[in-house]
Number of protein chains: 4
Amino acid sequence: MRTTDAPKFGRPRNEGADRAILQAALDLVSAEGYRAITVDQIAARAQVGKMTIYRRWPNKAAVVMDALLVLVGPETDFPSAPCAIESMKKQLYLQVKFFRSKYGRLIRSLLAEAQSNEELAEAFRERWIVPRRQGVVAVLQRAIDQGKLRSDIDLELATDMLYGPLYYRLLIGTGSVTNALADVLYEQFMAGHEPRKK
Amino acid sequence: MRTTDAPKFGRPRNEGADRAILQAALDLVSAEGYRAITVDQIAARAQVGKMTIYRRWPNKAAVVMDALLVLVGPETDFPSAPCAIESMKKQLYLQVKFFRSKYGRLIRSLLAEAQSNEELAEAFRERWIVPRRQGVVAVLQRAIDQGKLRSDIDLELATDMLYGPLYYRLLIGTGSVTNALADVLYEQFMAGHEPRKK
Amino acid sequence: MRTTDAPKFGRPRNEGADRAILQAALDLVSAEGYRAITVDQIAARAQVGKMTIYRRWPNKAAVVMDALLVLVGPETDFPSAPCAIESMKKQLYLQVKFFRSKYGRLIRSLLAEAQSNEELAEAFRERWIVPRRQGVVAVLQRAIDQGKLRSDIDLELATDMLYGPLYYRLLIGTGSVTNALADVLYEQFMAGHEPRKK
Amino acid sequence: MRTTDAPKFGRPRNEGADRAILQAALDLVSAEGYRAITVDQIAARAQVGKMTIYRRWPNKAAVVMDALLVLVGPETDFPSAPCAIESMKKQLYLQVKFFRSKYGRLIRSLLAEAQSNEELAEAFRERWIVPRRQGVVAVLQRAIDQGKLRSDIDLELATDMLYGPLYYRLLIGTGSVTNALADVLYEQFMAGHEPRKK
DNA sequence: AACTAATCGAGACGGTACGTCCCGTCTTAGA
DNA sequence: TCTAAGACGGGACGTACCGTCTCGATTAGTT
């Protein structure tokens, strides 16, 4: 998402500023929401000129998207358990926790903005959603290999069914995002996908 | 979402203008998306002064929300079938068709805007989502009464699981919203909720 | 300045309303100035519908102009004295008093508005200024007849010289409009126009 | 009348834009009159964003006032003649010429607007009128020193008497502003103020 | 140590949409 | 038929934020 490369001469880019900008964007948007925050506010909090932001990212959406990828992404490691299916359940709990954290608002904001910004939509899909879905798919595949799930499952569809309701509640707010929800999602999923009993 | 009630004297509201404004809003937003449309454009298309819009609704979001409720709402009748569970499946197909229609963009727009506008969020939830969920819940209850579903189901949760994935795909676009998706949602739902076999 | 004549049938026009409207316009504009007052305010104070105003006058300027003519005009009678030249001096004092009264602001307002409203400008000139100038000219003529002034005076010019400085101060505010000013105007005028001494 | 001073950092004011804005305001208002011109029109003609105007001046009146001071002011040099009293007469002719030029409308517009805008009134008085009056007063004083005028004259009053009728005609239009008028004003003024004959 | 060249903080800029205000017209129900 | 009330179309206002542009000061490698 970065724009230019390092030059040969002159004052080198202050790489630390990058992080300060992303942190400022992250803090502000997590707290107030994307729309409520202006680029000037981000620049002010990062103690940086507005141009420094626009030299690195093409627009506000890109900054916030990068903040998510760079600062939040690494914190969202996939939990591992010897039993793949248990690892799946742990991951659902993590997702619940994530959505309930201050980052819930960040995700909502970006998803909202993406509806009117195709570039952001693609970035969010390909750089945030898809990689995490791949983790899920891999675990599900491992569960199939371990004989814990039927082998004729459409894994993409399965992922939609596991995570769709979480996003739905995050965005619409008819019910809150809780571990109890994760439990039911997991149970129903297993009920529909456990291997045929003999 | 309307602002004031009819006064005792004076020229009464031109109810026809109401409809023209809502239709203009609906057409424009369905075609171009919420953010791309300005209040002036809506006013111009409805051949109405901007003040006439602001006299009735507090902001653009409220206009478009009302357009959804007044002009689209009545078109979304719930399908009925003697067998409740079949009626449920028909409703899923209708939802897919709705999301694929031009109104898909409208729903996406409003849901997006609702993320940064708590007033709109509440209106969307309470006036659009909840009434439609109630229809679903009623059908599911009828299915239980007809012995087609287990009686210990949490109906709200069930609704989330049936519709969550549809909204997820609508908003994120990892996969398209299709009847095939509806089929799988239905099947998995039945697998998890059919009455215990003796 | 009135727009239509009395109708033949139906509820007769409430002639009292006319006066109430003019009085409201006069009071408000005298106190706050033309630009600060809206037609709605005049209608509200006169307890009259806005349409009742626009049925009688073509616009706000016409109402206020009429208020001046109808309500203030009759109060501005020309003072008479056996000696014409003394009558002239009295009139200057009256003008000073008038400009210092609440009507000063009214005159300023109308004169201001007239600069961007040719119709009002003409009305103000022909219906307010010119008649009063004619009074002045008549008195000056009488003074000539009485042998108190030179007979070769251009009376229009003389009037400009007597009243111009009063209006100048009223509008620009470099100095206040006082009887002392009137005295000097009178003296200088006499110095320039008294009959040649033998 | 400008709003803030130059900051220590940041892009400095584009002083060229200032002039373009003032020129646009001057041209438009001189041609069409103050009330007929919108801030958007000025911005468009100056090829400038509306905010750039509002960043420098608090409102339209201030822009036009500054246009007068900056662009017209320097053109209104006081004529000089060895004989002070002749210089005075020349100045009266210049004033007539000025009022008959396209700037006559500008002066009328500003004077009109000043009647409902105390801030503008003060600016017009203190920055336009007073400096020019001071020129007149100085010349009159010189004439006294040269023994061409009585020494007991109130110079402010004298100025009002010389210029008041010109403004009166400019604003009311009962007669036109001509050199003939200037001649009479001058003659009468001299008649009333020439030194006593021995 | 002086020079060079690119970056930096700051903030002005053109543009676009917003939501408000008032004018003069139009429309109703009631007198 | 006229009135009070007030909704209406139109158009200007002054504000906010976006993403771009421009300045003088800063900084590090090159000479």
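For the pair Tyr54(A) and dG19(F), the criterion of a side-chain N or O lying under 4.0 Å from OP1 or OP2 is met. Between Arg35(B) and the phosphate of dC17(F), there is no side-chain N or O to OP1/OP2 separation shorter than 4.0 Å. For the OP1/OP2 pair of dT7(E) and a distance below 4.0 Å, the side-chain nitrogens and oxygens of Arg55(A) include no atom meeting the criterion. Residue Thr52(B) places none of its side-chain N or O atoms closer than 4.0 Å to OP1 or OP2 of dA7(F).
Residue-to-nucleotide proximity on DNA chain E shows that, of Asn59(B) and Ala36(C), the 5′-proximal contact is made by Asn59(B).
The side chain to side chain donor-acceptor pair (under 3.5 Å) search around Gln47(C) returns none, not counting sequence neighbours. For Glu126(C), the side chain to side chain donor-acceptor pair (under 3.5 Å) criterion is met by no residue, not counting sequence neighbours. Evaluation of the salt bridge (charged side-chain N to carboxylate O under 4.0 Å, His left out) rule for Arg125(C) yields Glu118(C) as partners, not counting sequence neighbours.
Residue contacts for Ile37(A): at a heavy-atom cut-off of 4.0 Å it reaches the sugar-phosphate backbone alone, with no base atom in range.
Taking all atoms of both residues into account, the shortest heavy-atom contact from Thr38(D) to Gln41(D) is N-OE1, 2.8 Å.
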Validation: residues 102-110 of chain A side-chain donor-acceptor distances under 3.5 Å, sequence neighbours left out:
| unit_1 | atom_1 | unit_2 | atom_2 | d |
| --- | --- | --- | --- | --- |
| Arg105(A) | NH1 | Ala31(A) | O | 2.8 |
| Arg108(A) | NE | Gln115(B) | OE1 | 2.7 |
| Arg108(A) | NH2 | Gln115(B) | OE1 | 3.4 |
| Ser109(A) | OG | Tyr34(A) | N | 3.0 |
| Ser109(A) | OG | Arg105(A) | O | 3.0 |

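Evaluation of the salt bridge (Lys or Arg N to Asp or Glu O under 4.0 Å) test over residues 22-46 of chain B, restricted to residues two or more places apart or in two chains, returns Glu113(A)-Arg35(B), Asp27(B)-Arg45(B), Asp40(B)-Lys50(B).
Against DNA chain E, the stretch residues 38-50 of chain D makes heavy-atom approaches under 4.0 Å through Gln47(D), Val48(D), Gly49(D).
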